[in-house]
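In what follows, chains are A, B, ... by sequence order, proteins preceding strands, each numbered from 1.
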There are 2 protein chains.
Amino acid sequence: MKITRTPEADAMTELILEIFHLNGQLLLEGDRLTEPLGLTSARWQVLGAVELASHPMSVAQISRRMGLSRQAVQRVANDLEGQGFINFENNPDHVRAKLIVPTKKGQKVLRKIAVIQAKWSNALAKGIGKARLIDTLEVLTEIKSRCEIMNIKPSKVEA
Amino acid sequence: MKITRTPEADAMTELILEIFHLNGQLLLEGDRLTEPLGLTSARWQVLGAVELASHPMSVAQISRRMGLSRQAVQRVANDLEGQGFINFENNPDHVRAKLIVPTKKGQKVLRKIAVIQAKWSNALAKGIGKARLIDTLEVLTEIKSRCEIMNIKPSKVEA
DNA sequence: TCCTTATTGACAACATATTGTCATAATGAC
DNA sequence: GTCATTATGACAATATGTTGTCAATAAGGA
């Protein structure tokens with residue numbers, strides 16, 4: 001059976017390979033920027049998600065927001081607690097699901113990393129054009145959304 | 001020290017988080033598509049890189065083309081050999097750097113996956129517009145290129 | 001209320017990727 | 001040709017992520 005890709009699908013395929021490359025480069029950049037502060041890309045992302053939340057959230061809540069598995073975030077969060085960047089505080093609404101709260105140390109490192117990230121992203125984005133970046137974001141969001149729809153398991157659909 | 005992000009940098013930051021999300025979704029899709037054939041996203045990518053090359057290449061060559069570490073590709077290639085999808089053949093130009101060659105089994109699975117990927121990418125890309133996909137690719141390539149420049153270690157520069 | 005189901009964190013197994021070290025092979029400067 | 005440097009694969013340690021299982025907790029419906 002001969003199946004040919006549309007010109008769009010050819011472009012999509014190239015784009016996907018580029019996303020894999022860029023993902024790797026961005027993780028390297030994240031490691032490079034946060035290494036002096038004792039963080040890594042993964043830990044920074046979790047700590048940042050904690051910071052962005054308007055109220056303290058549990059591991060499971062953070063994982064859903066980040067699009068990672070619950071266990072991946074759990075392990076990183078445990079690491080962050082071990083490093084003294086966050087505490088698990090009792091949740092009045094749930095005995096098991098403790099709430100993640102940054103420590104003083106965690107807040108301090110977040111302020112430092114905010115400065116570093118601002119300088120870095122200013123330099124990285126300079127001259128590309130806000131409109132082009134937003135267009136790009138929209139295309140990627142559309143692709144992600146289509147993937148999510150395709151990936152829904154039948155069991156989930158019935159449920 | 002107060003540092004503010006430009007509007008462009010805000011858009012860039014959003015875009016980066018979306019790239020992380022999408023990368024995860026695409027890996028899930030790759031696993032889903034290749035699972036019936038005994039492959040995974042990582043193994044598919046390496047096997048596909050082998051296929052795309054105009055002549056047999058070594059692990060180190062594949063790794064540079066893919067933008068992954070040499071050792072990551074080495075381990076996956078060893079897995080592929082263990083599964084009988086590739087063979088390491090003697091390289092007349094280099095004793096240690098064996099050349100990766102797909103087996104009959106590997107070629108067969110590559111033909112099957114090509115059909116699956118074509119259908120999948122046709123559906124995924126439909127209606128987005130080739131021009132938009134190409135624009136998106138260009139932006140991501142520009143960002144990757146800037147990351148690579150920023151990430152070059154001084155030792156590498158001097159060398 | 002009671003019972004079924006879903007959520008949550010702990011634990012474990014595994015896949016994927018980086019980094020570092022080592023010994024050997026290839027390359028290049030002189 | 002010699003010798004320092006680079007490239008390569010093997011091996012190991014570690015970081016990051018998924019999946020599966022389990023027990024305890026929460027939530028919701030009959």
**Prompt:** Who are the salt bridge (Lys or Arg N to Asp or Glu O under 4.0 Å) partners of A:R132, not counting sequence neighbours?
**Reply:** B:E138

**Request:** Provide, to the nearest angstrom, the distance between the CD1 atom belonging to A:I100 and the P atom belonging to C:dG9.
**Result:** 8 Å

**Item:** Between C1' of C:dT7 and NZ of A:K98, the distance in whole Å
**Value:** 16 Å

**Fill in**
Sequence neighbours excluded, the answer for salt bridge (Lys or Arg N to Asp or Glu O under 4.0 Å) partners of A:E142 is A:R146

**Message:** Please find the pair of heavy atoms, one from B:S41 and one from B:L26, that lie closest to each other, and give the distance.
**Reply:** OG-O, 4.3 Å

**Message:** Any residue in residues 15-33 of chain A with a heavy atom nearer than 4.0 angstrom to DNA chain D? Just list them by number, or reply none.
**Reply:** none

**Request:** Kindly write out the residues that satisfy side chain to side chain contact (heavy atoms under 4.5 Å, CB included) with A:Q45, not counting sequence neighbours, or none if the list is empty.
**Result:** A:L27, A:M66, B:F20

**Asked** Roughly how far apart are B:S63 OG and B:M57 CE, rounded to 0.5 Å?
**Response** 8.5 Å

**Request:** Supply the atom-to-atom distance A:N23 CG to B:I19 CD1, rounded to the nearest 0.5 angstrom.
**Result:** 8.0 Å

**Fill in**
For B:R70 and B:A60 the tightest heavy-atom approach is CD-CB, 4.0 Å

**Request:** Tell me which residues in residues 50-80 of chain A put a heavy atom below 4.0 Å from DNA chain D, sorted by number, or none.
**Result:** A:L68, A:S69, A:Q71, A:A72, A:R75

What pairs of nitrogen or oxygen atoms, one from the protein and one from nucleotides 26-29 of chain C, lie under 3.5 Å apart?
unit_1: C:dA26; atom_1: OP1; unit_2: B:V95; atom_2: N; d: 2.6

**Request:** With sequence neighbours excluded, tell me which residues meet salt bridge (Lys or Arg N to Asp or Glu O under 4.0 Å) with A:K98.
**Result:** none

**Prompt:** Mind checking what makes salt bridge (Lys or Arg N to Asp or Glu O under 4.0 Å) contact with B:E8, not counting sequence neighbours?
**Reply:** none

**Message:** Tell me whether the count of non-hydrogen atoms from other residues, nucleotides or ligands lying under 6.0 Å of NZ in A:K105 goes above 12.
**Reply:** yes

**Asked** Which angle, rounded to 10°, do you find between the first-five-pair axis and the last-five-pair axis of the helix from C:dT1-D:dA30 to C:dC30-D:dG1?
**Response** 40°

**Prompt:** Taking only residues two or more places apart in sequence, or in another chain, which ones meet A:R43 in a side chain to side chain contact (heavy atoms under 4.5 Å, CB included)?
**Reply:** A:L39, A:T40, A:V76, A:D79, A:L80, A:Q83

**Request:** State, to 0.1 Å, how close A:W44 and A:G30 come at their nearest heavy-atom pair, and which atoms those are.
**Result:** CZ3-CA, 4.0 Å

**Asked** Can you check whether B:Q61 reaches B:I100 side chain to side chain, under 4.5 Å on heavy atoms?
**Response** no

**Request:** Please list, by residue number, the residues of residues 34-44 of chain B whose heavy atoms come closer than 4.0 Å to an atom of DNA chain C; answer none if no residue qualifies.
**Result:** B:T40, B:A42, B:R43

**Message:** The criterion is side chain to side chain donor-acceptor pair (under 3.5 Å); which residues satisfy it with B:W120, sequence neighbours excluded?
**Reply:** B:E29

**Request:** State, yes or no, whether a side-chain contact exists between A:E18 and B:T141 at a heavy-atom distance under 4.5 Å.
**Result:** yes

